[in-house]
There are 2 protein chains.
Amino acid sequence: MATIYEVSALAGVSLSSVSRVLNDHEHVSKKTKEKVVAAMNKLNYRPNTIARSLASNRSNSVGVLVSELHGPFFGAMLSSIELELRNAGKHAVITAGHSDEQSEIDGLDFLIDRKCDALILLVDAISDDYLIKLSKSKTPFVILNRNISEISDHCFYLDNELGGYLAAKYLIKQGHKEIAYISGPLTKQDSTERLAGHKKALAEANIPFKENLVYEGNYLTKSGRDGINFLIKNKAKFTAVACSNDEMASGAMRGARDHKLLIPEQCSFIGFDNAFFTEYLYPQLTTINFPVNDMAKMSTQWILKNVYKQKELDITNMFIPKLIERQSVQQN
Amino acid sequence: MATIYEVSALAGVSLSSVSRVLNDHEHVSKKTKEKVVAAMNKLNYRPNTIARSLASNRSNSVGVLVSELHGPFFGAMLSSIELELRNAGKHAVITAGHSDEQSEIDGLDFLIDRKCDALILLVDAISDDYLIKLSKSKTPFVILNRNISEISDHCFYLDNELGGYLAAKYLIKQGHKEIAYISGPLTKQDSTERLAGHKKALAEANIPFKENLVYEGNYLTKSGRDGINFLIKNKAKFTAVACSNDEMASGAMRGARDHKLLIPEQCSFIGFDNAFFTEYLYPQLTTINFPVNDMAKMSTQWILKNVYKQKELDITNMFIPKLIERQSVQQN
DNA sequence: AAATAAACTGGAAGCGCTTTCATTCTGAAT
DNA sequence: ATTCAGAATGAAAGCGCTTCCAGTTTATTT
């Protein structure tokens, strides 16, 4: 591996000059630059990124911390982040928190220790306070899918309330009046917001909100099924079920079928997120689109702009959900 | 940020000694070690990983290159890799090839330039020859889901033929004799192997293999649907369809339903991979399990053993598929 | 042609650590 | 008490680059 010394010797210029052309500095004459470039090519020189990082105190890498690497969500997200980053000559170091607070914090430390220039966080377990404190330290970061008001310009999130609203409104428009709701854990911000939107739509349509039509799940498939079982066991009456995410919707559909309900004829379903598998379901699931890719891309661009001073662009923090109409809702 | 100098000064020992305790060297007296550890704690010292890398010429990171980050496969894989790596104090740098040869090669160079100590590759587009050549260079690597005979001890893969065999055999056991096959692209190793297993099972049962019952798809959902349409248009007769992966199976099921076929009563389906969404399908898809997690874990352990000399363990290169019986196959 | 500013270049220190080598210390064996 | 291997330590030279500073060259203005 050729080093900068050899390039400098072959080109007949100083180290500094080589470094300058490497970093695209102004104030290098065309002649010098040509000599250096020629020497680099001849030696097939590849800069040692580690040495550069040490000397310059920046690593050209951004750390990504996610609670869970599997599931239908993160692939799409990482894909957008990685693409955007690599186009900018940066790269992603990825760690997972494996859904445990200490583990998430370890992941954070790990990334900070690796001298990541910035971080992208998609974390559940770490508290607002911790993140607010972190925002005062040196490493800049953005937060996905969560809005912490004290640092909201670092946050990128969906208008969850609008999403919940759109879903319920659509069901109402299709003639449903008895609408059950399977929620995510109400300790989570997105769950409560989605439910709030749901209630708002009901209120607008003068449909009373009934507590006994709500089941609090945990975003996993199984809890969708549990939700349906719960509702049926309690003899709740409903013609449609709005679910706080697609996984629960799929579980709920399965549960409904276990009870011999025809979908959508006897029971309609609407999901949330527009995960890729919703098209595979039968019937295909009507749902609310969560523009994950846009959000991931935007957050990465925020970093490119604010940390690497590369892009000049407008930043949007809140993203807009959209109804995706498929076959799981019956017109009544 | 405290440096090793400050630790050394506070502890009243030399740089070398601090470095030694940092790296768990032998030949440090208990007394020195205690002093150093105390000083480190007091200063809240965190070693600079970049500097360590530069001096020691190893980065404690392993590069992961995948063709595509999204899809149902990679999340699980990355999750296993990351977990295993972090437990060993190493970390993952992840890049994606975005399914394009040049882009995959760029990704490779990227990781090599970052001085990754080893690489984990899950790539489609890069040729065998390129990888064989790469195996002669400095950076060690493993290859997932692909067997290149010249470097097969670096390869971790499924016994695809056995998988195809198990699927067909199961259908036959359930009384099916007219079995259609929707294949992945036959330019890909795994596709041809799976098909070979399929043929073998037919042969064993003295069922003639009919070319007109085979459709070559591309592993995507849509091509499963196309496959069914193709078969029906050509008036092929079949009671079951074996698919080379789950996504095509889901597409095929949808296609069958478009033609008003009851599943599994009029047409049975079996998939391949046991992707997580197969449980969401209706009916739940009978399929062949691909132990992604095991494979990812094993490959990571290979690196821990051979590159970092950490583990002593037996390496298995070939993994065994298993039938997962669910509801999409009818007993005839 | 002289004066001045601007562009360009090179020297050298340093980023924070590892690692060789030589030296000193320790304790067991004689 | 003497010897000597082995353990413990420290000094110093890098790892490959960036960057500040000072010095030199070139261009511009008068």
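Model, not experiment: these values are computed from the prediction. Order of the sequence lines sets the chain letters (A, B, ...), proteins ahead of strands, with each chain counted from 1.
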*For A:Thr3 and D:dG16, is the shortest distance between a side-chain N/O and OP1 or OP2 below 4.0 Å?*
no
*Thinking salt bridges, do B:Lys90 and B:Asp117 make one under a 4.0 Å N-O criterion?*
no
*Assess the pair A:Phe290 and A:Phe73: is the distance between their ring centroids shorter than 6.0 Å?*
yes
*Axis-to-axis angle across the helix from C:dA1-D:dT30 to C:dT30-D:dA1, five pairs an end, to 10 degrees?*
30°
*Quick one: what's the B/S/- string for nucleotides 18-26 of chain D, heavy-atom cutoff under 4.0 Å, read 5' to 3'?*
BBB------
*Can you check whether A:Ser17 has a side-chain N or O nearer than 4.0 Å to OP1 or OP2 of C:dT9?*
no
_For B:Tyr157 and B:Asn317, which I'm curious about, is there any donor-acceptor pair between the side chains at under 3.5 Å?_
no
*Would you say the base of D:dC17 and the side-chain of A:Tyr5 have a donor-acceptor pair closer than 3.5 Å?*
yes
*Would you please say whether a donor-acceptor pair under 3.5 Å links the side chains of B:Thr32 and B:Ser29?*
yes
_Criterion side-chain hydrogen bond (donor to acceptor under 3.5 Å, both in side chains) on A:Ser80 and A:Asn293, from CA distance to verdict_ = CA-CA 6 Å; A:Ser80 295; A:Asn293 291 291; 2.7 Å; yes
_Using OP1 and OP2 only, check whether a side-chain N or O of B:Thr32 sits under 4.0 Å from D:dA8._
no
*What's the closest nucleotide to the A:Tyr45 side chain, out of D:dG16, C:dC8, D:dC17?*
D:dC17
*B:Asn48 has a side chain; which of C:dG10, D:dG10, C:dG16 sits nearest to it?*
C:dG16
*Phosphate OP1/OP2 of C:dT9 contacted by A:Ser29 side-chain N/O (<4.0 Å)*: yes
*C:dG16 P sits how many Å from B:Asn60 CG, rounded?*
19 Å
*Check the side chains of A:Glu104 and A:His98 for a donor-acceptor pair under 3.5 angstrom, ignoring hydrogens and angles.*
no
*Check the distance between D:dC15's C1' and B:Asn57's CG and give it to me in whole angstrom.*
8 Å
_Short side-chain to backbone donor-acceptor contact, A:His154 and A:Phe141, under 3.5 Å_ = yes
*Mind listing the residues from residues 108-119 of chain A sitting with a heavy atom below 4.0 Å of DNA chain C? Number order is fine.*
none
